[in-house]
Asks: 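One structure, as structure tokens, below. Some questions next.
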Amino acid sequence: MDERKDFGENDGVIHYELQEFKLFEPLFKWARKKSLWIVAFCTGCGGIEMPPLATARYDFERFGIMPNPAPRMADLFLITGYVTPKTLKRIIITYEMMQDPKYLLAHGSCPINGGVYWDSYNVVKQLDKYIPIDVAIAGCMPRPEAVMDGIMEIMRKIETGEADGWKRYRENYEYYRRNQDKLFGEGWREKEAKRWLAWI
Amino acid sequence: MTLVPEAYVVPLTLFSPLVFGVLAWLFDRDWVRETLGVIGAAVPLTVLSLAYEKASSGTISYTIDTGVFKLHFVLNSLSWYFAFIGALVGIAMAFGLSSTSRRGYDWLFSLMSFTGVMGVFLARDFVSLFLFWELMTFGSFMMVLRRNRHESLKYFVLSVIGAYSMLLAIGMVYAKTGTLDYAMASQTLLLLTKMGGVSKAYVDTIFALFLLAFGVKAGVVPLHVWAPGAYGENDQSYTSFFSGVLSKAGVYGFIITLFVMPSLYGIYFAMGTFHGHLTGTYLIAWAGAVTVVVASFLAVLQEDIRKLLAYSSVGQVGYIILALGVFNGVAVGGAMFHVLSHAMFKGLFWLISAALILRTGKTRFEDFGGLAEKMPVTFAMALIAVLSLAGIPPMAGFASKWLIYEGAIQAHMPLVAGTIFLGSALAFAYVVRFLYAVWFGQRPSDLDDVREAPLPLLVGMTVLAIPNIVFGIAPGLAVRLINRFFNTNITVNSYYSISTPTGTYNALSVTLVLIVGLAIAGLVYIYGANARKIKVTNTYQSGNPVTEEYNLVIRRNFYRPLAEALDFWLKYSWDRFYERLANLSEDFADWLREGFYNGNVQSYSWYLAIILLILAIWGVL
Amino acid sequence: MFDWRLILDAIGILIYALIVGFIFMGIERKAMARIQRRIGPPIYQPIIDTLKLLGKKESVSHGFVYNFGPVFALGVSITALLFIPIANFQLFSSNADLIVVAYLLEVPMLGIMLGAMSSGNPYSALGVQRGLLTMVAMQLPYGLAIIALVQHWGTFKLSQLVALQQLQGWSITVPALALAFIVFDIVFQALLGLEPFDIITAPAEISMGPMVEYGGKHAALLFTQHAVQLFAETAFFAVLFFGGASNLLDLFLKQLLVLFIAIFVASIYPRFTIDQAAKFFWKWPTIIGIIAVLLTV
């Protein structure tokens, strides 16, 4: 079997037709804004900021936000802290698995410029080179208020149509793909999958 | 009746399979053998279809005079019903065998058991019942013997026990009544009991012996141990007949004992009641209930496709026995209906497993996977079989099970009815295991070049799949047939609608509403974005990429938690109990042999002296 | 030929059930949130969620059965709904009876599982396994509760069941049936997939179980199915034990009562493992169920 078919660009992750809902599009847009499901995928130290957001103090569920363990249904991907190459692989795979439209919120300084790990050999300095970020929140760590603010910003952007990371990812896939391959080497998905076999 | 003269109906039905089986064995060439075999199986079906009018309004009788005994055969609506089911599964089996078997041997013995089972259904006296019963057992035994000696021995031993007890019972009947005809024997026995010529214990013994004989064939727990081996270690096309029809011969035996020879159960009225139920039939109902539960639990925990289907067969026949034991019109009607639907869906299941084994050569669930794309037609058939077995309306399996539910609950046998609920959930569990392991998930790389099942096998499957749907949507058809020979208390409102005294089931309205529901759901589906097909490896594994090289399907011990919850009960096994019993008796025989045949001439002379002494004391010498 | 009145009724009830079902799902989330001292989402939140899922611009599929599973589940749920007498609307309930409806209410699970299995995800397979084992475990007490009910009222017809209860008092006022009610309520928790029996989806454990591979319109279908199913199951409960209802408001209140019991239980208890659930179901609910059926013989 052709190996490239398994993990290459032709796997249909990116090249597919999108559905346009002409009549109900405004309704769907409103629904997208009011119902953001988060991929429960906490990277780095920001994951610990999520419980206060979810519990009685800040309660993001009142905006229809809900953590969801299955990425196929989810809309919002929170990158909660620094990203190592190893995590980034998982992030990319999960992000590609989410269905359009999907949004990405980078959380804290690390995804923006490496933060306190600016000189680390094993931290991805600029996440935006590998996957498109819709909103980034500065801070180390950002307080739940700041995260709430970021989520509000995402909602506003969804309403105005500015949250178009998923579109940018499709349009500039070559660019992102090049950067990813530069970091991990060609055929990294396949290699990663095989390396994982040892664990099972 | 113009096509087949009345006098030829019964002999054609009875003997054409055997004759054509012998011919197929003699002319053991490709095509010739298959053609002969299919013709042999098709003749009974054709003849029975043509004889429908006559058989449903009156009877067609036929007698063979052997000089010693007269063998009576009667085609009435009861025997027509059973024989027709047998012939339908028989033709499907013949189509299946022409794909799966390349031996005249298989054709000879499978068609021999076909003749045997037809004889059992049509027989009206004990001699022909016994003869054809043995013919049937012999044919099926030879089928198993060729493939697995150990399993065939197990089958043989239990069949012999059944045969001896039947012979003994027949002998006991004959000794008192002097007749072997069902009706005459029954009446005479009743008269004799009333006059005190026969003790109640005597009749009880006859009853128990018959139930033992028929229980072995029907696979009632704890007499079921032969079934998994014999069903499994066999040509699977033949098993569709073995499990679909031969087990029904056991059920038919129960029906003879309970209804055709009413004196036996009439005497059972005298045996008293237990909380308002006849004790005899109550025991049968519980035997059925235990069979349902035990066999279904075991089916859930099997790792081999043949074992799973075999235990499921035992469990489903348990439903029939249970319903016969519930002993009211609705439940018995349900039992008769379930005979039909079980023959259809289980025959279909076995043909599917025949196709799978033929195309892949594998039997264990861990070796299968992802075959739905490779064998789409077989998969569609499997879906029909699964829906019918799981009892999804509107399938035949639901209609019959519904009647059993109603009957059991109306009869105020709550715990027996409770086991039906449990059994149906277990049926869900094991059919889903079958679906998941065989058809879905990642395909093992060695199954990549599997092809669709061969055409004759598909034809056989279609023959069995259509009745599943037809009798599901039109349960009235089957109930009308059953009402001809048994007053079931079920009203047939129309072809599509049947009513019991307490409930109604309109299959057509369920079907229509289901179609409307599916249409509404389909509209929602169509409105959404177009789905694009992705690979089976493109699944969420917590962000890890997946390769084809490691199969992520849960292949073994799928229902491990259930086994853990049941670990106390699973420590005990009838199978192991019998094995141990066999070993014990073997040891005992060894001990005896070694003790007596010790090679010492002196002790042999002593034996002689002792025997002579005994004979002398007895007064022989 | 056509009974236009009936068809209009059916369409009306379907729309009503859909909306109320969604509202019930919202109430479920809202009540849970209030118990945890949160504000919680608006009660129409599930409608927004479903719209959003339906409005996803892409959709993936693992083949025909994967698509067919949710469609089949929703179709059967709608069928089940239309055979239950809803308040003063009899719909098709004269054509089918309790056993048929009880079966139809279980079949959607098979549809979901069919689709989930065909995705090839082992989490889905685990969910399927857990779902079926829960079903095996709960079926015995469930069956016993239904048998007790039928033995007492002597009919399988749901419409007659309602009529009898309105004449002679609700089922739960009969002592033996009160026991059956307890059993049914425990089983109901598993039917709805709520804690302590939310073993099937177990979000933090096996990533939503059967639903893990579903997204977009498939998930929207499953949400719709859940709404219809929730309405049908609560209505079924109300019909069996609370004497049905004479109008929709009455029915709504009874459904709400049933739902709130379920929510309160769910928000207190943690999750059983599957073998614990099986052992639990085969102990107390079964014993109480046996007592109930023996009392009604």
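Proteins come first, then strands; the chains are lettered A, B, ... in the order of their sequence lines, and each starts at number 1.
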Asks: Distance check, rounded to the nearest 0.5 Å: Leu518(B) atom CG versus Leu74(C) atom CG?
Replies: 8.5 Å
Asks: Return the CH2 to OG distance between Trp439(B) and Ser118(C), rounded to the nearest 0.5 Å.
Replies: 14.0 Å
Asks: Looking at Val516(B), Val513(B), Leu514(B), which one forms a side-chain contact (heavy atoms from CB on, under 4.5 Å) with Leu82(C)?
Replies: Val513(B)
Asks: Using side-chain contact (heavy atoms from CB on, under 4.5 Å), reason through His62(C) and Thr539(B) one step at a time and then give a plain yes or no.
Replies: CA-CA 10 Å; His62(C) 281 277; Thr539(B) 54; 3.9 Å; yes
Asks: Has Glu213(C) got a side-chain atom pairing as donor or acceptor with Tyr540(B)'s backbone, closer than 3.5 angstrom?
Replies: yes
Asks: For Leu53(C), is it the side chain, the backbone, both or neither that has a heavy atom under 4.5 Å from a heavy atom of chain B?
Replies: neither
Asks: So which atom in Leu144(C) and which in Gly418(B) form the shortest heavy-atom distance, rounded to 0.1 Å?
Replies: CD2-CA, 4.4 Å
Asks: Kindly indicate, with the supporting measurements, whether the criterion side-chain contact (heavy atoms from CB on, under 4.5 Å) is fulfilled by Met113(C) and Tyr436(B).
Replies: CA-CA 9 Å; Met113(C) 284 174 178; Tyr436(B) 175 65; over 6 Å; no
Asks: I'd like to know if the side chain of Lys217(C) reaches the main chain of Tyr525(B), judged simply by a donor and an acceptor atom lying under 3.5 Å from each other, with no hydrogens or angles considered.
Replies: yes
Asks: Can you measure from CE (Met135(C)) to CG (Leu426(B)) and round to the nearest 0.5 angstrom?
Replies: 9.5 Å
Asks: Within the structure provided, determine whether Phe440(B) and Val65(C) are in side-chain contact (heavy-atom separation under 4.5 Å).
Replies: yes
Asks: Arg560(B) and Gln129(C): which non-hydrogen atoms are nearest, and at how many Å?
Replies: N-NE2, 4.4 Å
Asks: Mind listing the closest non-hydrogen atom pair of Ala565(B) and Asp275(C) along with its distance?
Replies: CB-CB, 4.0 Å
Asks: Counting only non-hydrogen atoms closer than 4.5 Å, does Leu387(B) touch chain C with its backbone (N, CA, C, O), its side chain (CB onward), both, or neither?
Replies: side chain
Asks: Count the heavy atoms of every other residue, nucleotide or ligand shown that sit under 6.0 Å from CZ of Phe379(B), and state whether that count exceeds 12.
Replies: yes
Asks: Measure Ala278(C) against the heavy atoms of chain B and call it side chain, backbone, both or neither at under 4.5 Å.
Replies: side chain
Asks: Counting only heavy atoms closer than 4.5 Å, note whether Tyr103(C) contacts chain B via side chain, backbone, both or neither.
Replies: side chain
Asks: At a heavy-atom distance under 4.5 Å, which candidate from Gly391(B), Gly522(B), Ala408(B) has the highest pair count against chain C?
Replies: Gly391(B)
Asks: Who wins among Ser424(B), Ala563(B), Ala427(B) for the most heavy-atom pairs under 4.5 Å with chain C?
Replies: Ser424(B)
Asks: Could you give the distance from CZ (Phe428(B)) to CG (Leu110(C)), rounded to the nearest 0.5 Å?
Replies: 5.0 Å
Asks: Test side-chain contact (heavy atoms from CB on, under 4.5 Å) on Ile146(C) and Phe421(B); report intermediate values, then the result.
Replies: CA-CA 10 Å; Ile146(C) 287 180; Phe421(B) 275 92; 4.3 Å; yes
Asks: With rounding to the nearest 0.5 angstrom, report the CD1 to CH2 distance, Ile99(C) to Trp402(B).
Replies: 9.0 Å
Asks: Name the member of Ser59(C), Gly75(C), Ala220(C) that forms the most heavy-atom pairs with chain B at distances under 4.5 Å.
Replies: Ser59(C)
Asks: Kindly indicate whether the side chain of Glu406(B), heavy atoms from C-beta on, has any atom under 4.5 Å from the side chain of Asp97(C).
Replies: yes
Asks: Relative to chain B, which of Thr155(C), Val76(C), Val293(C), Val136(C) shows the most heavy atom pairs under 4.5 Å?
Replies: Val136(C)
Asks: Let me know if Leu566(B) has heavy atoms under 4.5 Å from chain C in its side chain, its backbone, both or neither.
Replies: side chain
Asks: Looking only at heavy atoms, what is the nearest atom pair of Gly503(B) and Phe156(C), with distance?
Replies: CA-CB, 4.2 Å
Asks: Considering all heavy atoms of both residues, which atom of Gln151(C) and which atom of His412(B) are nearest to each other, and what is their separation?
Replies: NE2-CA, 3.5 Å
Asks: Please state whether the side chain, the backbone, both or neither of Glu373(B) comes within less than 4.5 Å of a heavy atom of chain C.
Replies: neither
Asks: In terms of heavy-atom pairs under 4.5 Å, which option from Ala10(C), Gly131(C), Pro122(C) contacts chain B the most?
Replies: Pro122(C)
Asks: Between Phe64(C), Tyr123(C), Tyr142(C), Tyr66(C), which residue shows the highest count of heavy-atom pairs closer than 4.5 Å to chain B?
Replies: Tyr123(C)
Asks: If you round to the nearest 0.5 Å, how far is CG of Leu562(B) from CG of Leu133(C)?
Replies: 5.5 Å
Asks: Identify the two heavy atoms, one from Ile274(C) and one from Pro561(B), that lie closest to each other, and give their separation to 0.1 Å.
Replies: CG2-CB, 3.1 Å
Asks: Sort out for me which of Ile78(C), Val107(C), Val71(C) touches chain B most, counting heavy-atom pairs under 4.5 Å.
Replies: Val71(C)
Asks: Let me know if Leu14(C) has heavy atoms under 4.5 Å from chain B in its side chain, its backbone, both or neither.
Replies: side chain
Asks: Check whether Ile520(B) gets within reach of chain C through its side chain, its backbone, both or neither, counting any heavy atom under 4.5 Å.
Replies: side chain
Asks: What residue in Glu106(C), Met117(C), His218(C) has the most heavy-atom pairs under 4.5 Å with chain B?
Replies: Met117(C)
